[in-house]
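Worksheet: one structure, shown below.
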Amino acid sequence: MLNKIKALLQEVEEMKAANAEELEALRIKYLSKKGEISALMNDFRHVAADQKREVGKYLNELKEKTQNRINELKEEFSNIQTVNDDIDLTRTAYPVPLGTRHPLSIVKKEICDIFGRLGFSIAEGPEIEDDWHVFSALNFADDHPARDMQDTFFIGHNPEILLRTHTSSVQVRVMEKQQPPIRIICPGRVYRHEAISYRAHCFFHQVEALYIDKDVSFADLKQALLFFAKEMFGPETKIRLRPSYFPFTEPSTEMDISCNLCGGKGCPFCKHTGWVEILGCGMVHPNVLDNCDIDSKVYSGYALGMGIERITNLKYQVKDLRLFSENDVRFLRQFESAN
């Protein structure tokens with residue numbers, strides 16, 4: 001028994017643990033009620049009387065050294081600072097200010113939410129398109145003067161491949177794959193070859209809506225427009241529809257809202273008319289339906305489209321379109337409360 005005690009003393013002196021779990025396992029091995037030292041204590045009563053003094057001395061020494069070694073290792077672990085690999089130690093200790101959504105993202109989400117309450121679902125499509133989906137399917141003939149209304153970015157020297165000038169191309173793709181009823185809203189970025197200024201840019205964002213079903217009338221369109229205007233700009237907002245022309249709708253109109261700055265009384269923002277234009281709309285042209293294999297004698301529908309920058313300008317009185325793409329944090333911080 002004395003030899004076993006001395007061997008355990010040697011083990012305790014060389015005891016090491018890589019972590020707290022290993023240390024706990026060593027404590028259980030040596031000091032628990034069923035551990036090796038407890039077992040030696042139980043066997044101590046069988047030791048001869050003339051050896052009890054010496055064996056007892058070594059046994060007490062073993063227990064004391066084991067407990068001390070366990071405590072030493074435990075203290076070493078408590079003094080080691082645990083480092084989390086996920087913590088960026090180069091990051092400033094000062095509070096990091098939270099970001100905010102871009103104003104265009106805020107307004108786009110609000111537009112989609114409003115039309116979502118009317119039952120519209122979101123549809124998306126590619127920004128690099130072909131002539132059919134951007135022009136031909138939408139009743140633009142090859143020599144149609146309406147093509148001159150939009151300055152187009154073509155890809156390379158191929159007149160068939162271009163950057164989409166409107167998100168109506170998404171509507172065409174949906175109509176080609178799906179029979180009515182169709183009720184979609186198409187948000188996305190579009191491109192036109194225009195000089196960049198405070199009021200125009202070579203790229204901007206649109207949201208277009210399309211509803212096709214049996215017996216869809218202009219009254220349905222007007223009601224949807226009125227609902228949108230009041231939800232976006234306030235319950236006192238009024239709308240006005242003016243005749244216009246688009247090759248893909250007939251009849252076509254442009255919609256104005258009562259100026260949200262002067263309440264329709266007239267101010268420099270609305271050029272003293274009391275009205276501000278926000279979107280174009282109309283009943284889907286029968287040729288467009290037929291081009292997409294939808295029977296124009298059975299189905300009818302309406303379409304509308306608006307620039308998100310335009311709506312954002314009206315909602316937040318942003319007077320320079322270039323601010324939306326310059327990523328100036330001083331400008332973006334103004335929209336923290338609208339996030």
Side-chain angles (χ1 to χ4, degrees), residues 1-113 116-117 121-127 187-189 325-339:
M1 184 176 183
L2 190 59
N3 291 335
K4 187 173 183 179
I5 294 174
K6 290 181 178 180
L8 288 176
L9 276 170
Q10 184 68 26
E11 288 183 17
V12 169
E13 290 176 358
E14 298 174 357
M15 185 187 300
K16 294 181 180 180
N19 50 54
E21 288 76 14
E22 291 185 8
L23 180 60
E24 178 63 15
L26 291 173
R27 187 195 67 79
I28 293 174
K29 176 182 178 181
Y30 293 107
L31 298 176
S32 66
K33 292 183 179 180
K34 295 182 179 182
E36 296 193 21
I37 294 178
S38 296
L40 290 174
M41 291 291 188
N42 293 333
D43 294 340
F44 181 71
R45 62 178 179 270
H46 302 301
V47 175
D50 58 338
Q51 295 181 357
K52 281 185 180 292
R53 183 181 181 88
E54 183 180 8
V55 173
K57 176 184 175 182
Y58 279 101
L59 189 57
N60 288 332
E61 182 182 356
L62 173 63
K63 184 176 181 180
E64 183 179 356
K65 284 190 173 182
T66 302
Q67 186 64 61
N68 291 339
R69 184 58 180 159
I70 294 291
N71 291 338
E72 288 175 5
L73 292 173
K74 186 176 181 180
E75 187 175 354
E76 289 179 8
F77 286 129
S78 64
N79 291 333
I80 295 176
Q81 181 179 4
T82 302
V83 178
N84 188 340
D85 293 337
D86 295 333
I87 297 178
D88 182 2
L89 299 180
T90 64
R91 182 177 173 178
T92 175
Y94 296 100
V96 178
L98 295 177
T100 178
R101 290 184 183 275
H102 194 280
L104 295 180
S105 297
I106 295 172
V107 173
K108 182 182 78 171
K109 182 179 183 301
E110 188 172 355
I111 295 172
C112 292
D113 288 344
R117 295 198 292 273
S121 60
I122 295 177
E124 297 179 328
E127 295 183 5
R189 180 156 45 187
S325 55
E326 290 177 348
N327 291 326
D328 189 330
V329 294
R330 295 171 299 178
F331 169 71
L332 298 176
R333 283 173 182 160
Q334 300 178 60
F335 299 91
E336 290 179 357
S337 60
N339 193 6

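Among all heavy-atom pairs drawn from P187 and K108, the shortest one is CB-CD, 3.8 Å. Of all the heavy atoms in E36 and L8, the pair that sits closest is OE1-CD2, 3.1 Å. Here the shortest heavy-atom pairing between L31 and K63 reads CD2-O, 4.4 Å. The two residues K4 and L40 make their nearest non-hydrogen contact at CD-CD2, 4.0 Å.
For CZ of R330, the number of neighbouring non-hydrogen atoms (other residues, nucleotides, ligands) closer than 6.0 Å is 12 at most. For CD of E124, the number of neighbouring non-hydrogen atoms (other residues, nucleotides, ligands) closer than 6.0 Å is 12 at most.
Side chains of I122 and C112 form a contact here, defined as non-hydrogen atoms less than 4.5 Å apart. A 4.5 Å side-chain heavy-atom check between K109 and D113 finds at least one atom pair inside the cut-off. For the pair E64 and N68, the minimum side-chain heavy-atom distance is below 4.5 Å.
A side chain to side chain contact (heavy atoms under 4.5 Å, CB included) with L26 holds for exactly one of E11, M15, R69; it is M15.
The distance from atom NZ of K65 to atom CG of L9, rounded to the nearest 0.5 Å, is 6.0 Å. From T66, atom OG1 reaches atom CD of E61 across 10.0 Å, with rounding to the nearest 0.5 Å. We find the CG-CG distance between L73 and N19 to be 11.5 Å, quoted to the nearest 0.5 Å. Note that CZ of R189 and CD of E127 are 5.5 Å apart. Values are rounded to the nearest 0.5 Å.
A salt bridge links R27 with E24; the closest basic N to acidic carboxylate O contact falls under 4.0 Å.
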